Amino acid sequence: MWNFNSPKISYGRDSLEALENFSGKRALIITDEILSSLGYDELVLKKFERSEEILVKPKEPSKEEAVELSEKIREEEPEVLVALGGGSVIDLVKAARIISEVDIEPEEITPFTNLEELGFKGRNYFVAIPTTSGTGSEVTWAIVLRDEREKRKIIMANEKAIPDLAIVDPIFVEKLPKKLVVSTGFDALSHAIEAFLSTFSNPFSDALSLKAVEIIFKNFERSYEGDLEAREEMHVSATIAGLAFSNSQVGLVHALAHAFGAIFDVPHGEAIAAFLHPVLEFYKKKGVEKINEMSKYVGFDILKEVKRLSVRFGVKKIFELDFEGKINEIVKKTMEDSCIVTAPFVPGEEDLKGLLGEIACMREKS
Amino acid sequence: MPRFFSDEWVEEYMKLLNESKEYEEAVKDWEGDFLFVVEPDEDLKEPLYVYLDLYHGKARKGFAVKDPSEISAAFEFRGKYSNWKKLIAGEIDPIKGMVTGKFKLKGSMAKVMRYARAAKILVEIAQKVETEFPG
């Protein structure tokens, strides 16, 4: 027995109009300061007759920020809650919405937590509007928050975290900076690939993974060059990849990126981009056959194409950081990351030390 | 062949756990005891209980429990007998089993999430115990 979960999805140009169905409701819009300075929040605010707005810092959210936001949600009691932003904003709202109704620590939002038993009712209709094309957070059950004290990322998930409605409107990514096109594009690509390789993969997630991979490879570079049609394709594919991994899970690329990103304060997408190719090579060496299976399905060598894109976009810059002295810490945090469980090859500590050592050697050679 | 959830079964299970390097590595910092509960269904009339104290990569104490009210464990893991049989046979993944509600866990979920890999290893080792199932 397994489930397939998805919110309602409105997508394509003008899909923001889906908000007009709620125009008479009292809304609370949460977005970040940069998106507000670009005027994106106005596009949403004007769809409602009664609305309030909360601006948050444009950075990966901490659990303290989630608790703080939950208190504001409790005070405002909105009928509609809108998260407008990248994965950081959407994840923040996901966590805050749950703890605004249920008195638990954010870390206790796990796939095994029965939130209904704890009193969660889903009081606010939850709309997520992504403004980057990568995390897929608008359709997933996953939440990532930073734990500042322990310098780690808390990986949470629960079916009740899934938004009610995802609005995937390309208008929000037309001006996306090239650097973000690359990092979020690799994030989406990793979701599609890792979902296929996951030990929890299933026919539903496989179909979505393969379609997302096909669209991403076809459009990634053109999107980087500013082709708006390609941007739109990438935006939709990120949501498709999000659906794939939310119903299948990810693996070692994400576990390593979470650990490395938390220790060195590297943005999620950049860490994912850097680890994607080395981990796929590692899997291949360990005999993970599904990489070949995926290549056969899509009609090209996945490993070669990921490498080509990695070189093209110079994604391994983060390995220039002096990380050798932190290998033990990276390994410990990776082993504690729940994403590792569904990897097609679950490494031991020595495997991980070997992999990180190889990455360090490659840097010295280059 | 030891009967499922008997003292002999627990003894054999603990022996295999304590021999496993993979298990030791996965839970070397773990501190927490469990009460495992098998809920009755068509093939089992009375519930079964096992207590297991897992500490720093080893199973340091374990036994079949007659009266669960005498046990105060940090974690409780429970499910129907038919689902336990499927779990031990490898037909249910332990993580999927908990997500879909076939098994219920009480205790610090956040702590368990950091040791998700260990859950799989615990089940894989239980599968190695030659077991006689009642009913």
Side-chain angles (χ1 to χ4, degrees), chain A residues 1-5 63 104-118 141-143 145 147 150 152-159 198-202 246-249 251-252 255 258-259 331-343 346-353, chain B residues 20-32 34 36-37 54 56-57 74-80 82-87 89-125 127:
Chain A
M1 174 182 167
W2 195 226
N3 303 316
F4 182 84
N5 293 308
K63 58 179 185 178
I104 54 170
E105 289 292 314
E107 295 101 309
E108 294 289 326
I109 303 170
T110 74
F112 326 126
T113 311
N114 189 330
L115 290 170
E116 277 178 341
E117 263 179 20
L118 297 172
W141 73 340
I143 306 170
L145 297 178
D147 183 329
E150 286 194 42
R152 72 180 187 102
K153 295 196 180 184
I154 314 165
I155 315 304
M156 299 169 288
N158 192 283
E159 287 179 8
S198 163
T199 54
F200 283 8
S201 74
N202 54 76
S246 187
N247 288 286
S248 166
Q249 311 317 304
L252 182 56
H258 290 150
V331 168
K332 183 175 188 300
K333 287 189 160 76
T334 304
M335 298 302 274
E336 286 179 358
D337 192 293
S338 53
C339 296
I340 205 169
V341 185
T342 43
V346 180
E349 289 185 356
E350 290 309 312
D351 292 312
L352 287 180
K353 284 177 188 168
Chain B
S20 167
K21 291 283 165 218
E22 195 188 9
Y23 171 72
E24 188 175 12
E25 182 186 285
V27 288
K28 63 184 172 193
D29 301 323
W30 175 271
E31 292 176 10
F34 277 84
F36 295 100
V37 182
L54 305 173
H56 290 200
F75 295 90
E76 184 184 285
F77 183 81
R78 64 165 59 232
K80 279 195 302 191
S82 55
N83 287 332
W84 272 99
K85 283 203 285 190
K86 286 179 188 163
L87 185 76
E91 292 165 16
I92 293 180
D93 175 278
I95 310 287
K96 280 185 173 178
M98 286 193 281
V99 174
T100 53
K102 287 181 185 292
F103 291 94
K104 294 208 162 66
L105 179 70
K106 277 188 195 165
S108 167
M109 303 288 184
K111 188 170 174 180
V112 168
M113 283 294 280
R114 290 171 80 159
Y115 293 88
R117 194 170 69 104
K120 296 197 90 148
I121 300 170
L122 277 166
V123 171
E124 281 163 12
I125 293 175
Q127 288 165 0

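Letters A, B, ... are given to chains in the order of the sequence lines, protein chains preceding strands, and every chain is numbered from 1. The model shown is predicted, which means the values in this text are computed figures rather than measured ones. Because only heavy atoms are used, hydrogens play no part in the values below, and waters and symmetry mates are left out as well, while side chains stay in.
- Remark: B/Lys28 engages A/Glu349 in a side-chain hydrogen bond (donor to acceptor under 3.5 Å, both in side chains) (not counting sequence neighbours).
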Exercise. Can you list the steps and then say if A/Asp337 with B/Arg114 is a salt bridge (Lys or Arg N to Asp or Glu O under 4.0 Å)?
Worked result: CA-CA 6 Å; A/Asp337 192 293; B/Arg114 290 171 80 159; over 6 Å; no

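- The shortest side-chain heavy-atom distance between A/Trp141 and B/Val99 falls under the 4.5 Å cut-off.
- Atoms CG and CG, from A/Asn114 and B/Leu105 in turn, are 12.0 Å apart once rounded to the nearest 0.5 Å.
- Between the CG atom in B/Asp93 and the CH2 atom in A/Trp2 there is a gap of 8.0 Å [rounded to 0.5 Å].
- With a 4.5 angstrom heavy-atom cutoff, A/Ile155 touches chain B only via backbone atoms.
- Contacts between residues 116-124 of chain B and chain A, counted as heavy-atom pairs separated by less than 4.5 Å, involve B/Ala116, B/Arg117, B/Lys120.
- In A/Lys353, the NZ atom is crowded: over 12 heavy atoms of neighbouring residues, nucleotides or ligands sit closer than 6.0 Å.
- Residues satisfying the side-chain hydrogen bond (donor to acceptor under 3.5 Å, both in side chains) criterion with A/Asn202, sequence neighbours excluded, are A/Ser205.
- Atom-to-atom distance recorded for B/Asn83:CG and A/Met1:CE is 10.0 Å, nearest 0.5 angstrom.
- Residue with the most contacts toward chain A among B/Met109, B/Glu22, B/Lys21, B/Lys102: B/Met109 (heavy-atom pairs, distance under 4.5 Å).
- Judged by a 6.0 Å distance limit and a 45° cone about the ring axis, B/Lys96 is positioned over the six-membered ring of A/Phe200.
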Exercise. Under the side chain to side chain contact (heavy atoms under 4.5 Å, CB included) criterion, do B/Val112 and A/Thr110 qualify, and how do the steps go?
Worked result: CA-CA 9 Å; B/Val112 168; A/Thr110 74; over 6 Å; no

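- Proximity to chain A is absent for every atom of B/Ile92, based on heavy atoms less than 4.5 angstrom apart.
- Among residue pairs with one or both ends in residues 105-116 of chain A, those qualifying as salt bridge (Lys or Arg N to Asp or Glu O under 4.0 Å) are A/Lys63-A/Glu107, A/Glu116-A/Lys160; sequence neighbours excluded.
- A heavy-atom distance below 4.5 Å is not found between the side chains of B/Met113 and A/Glu336.
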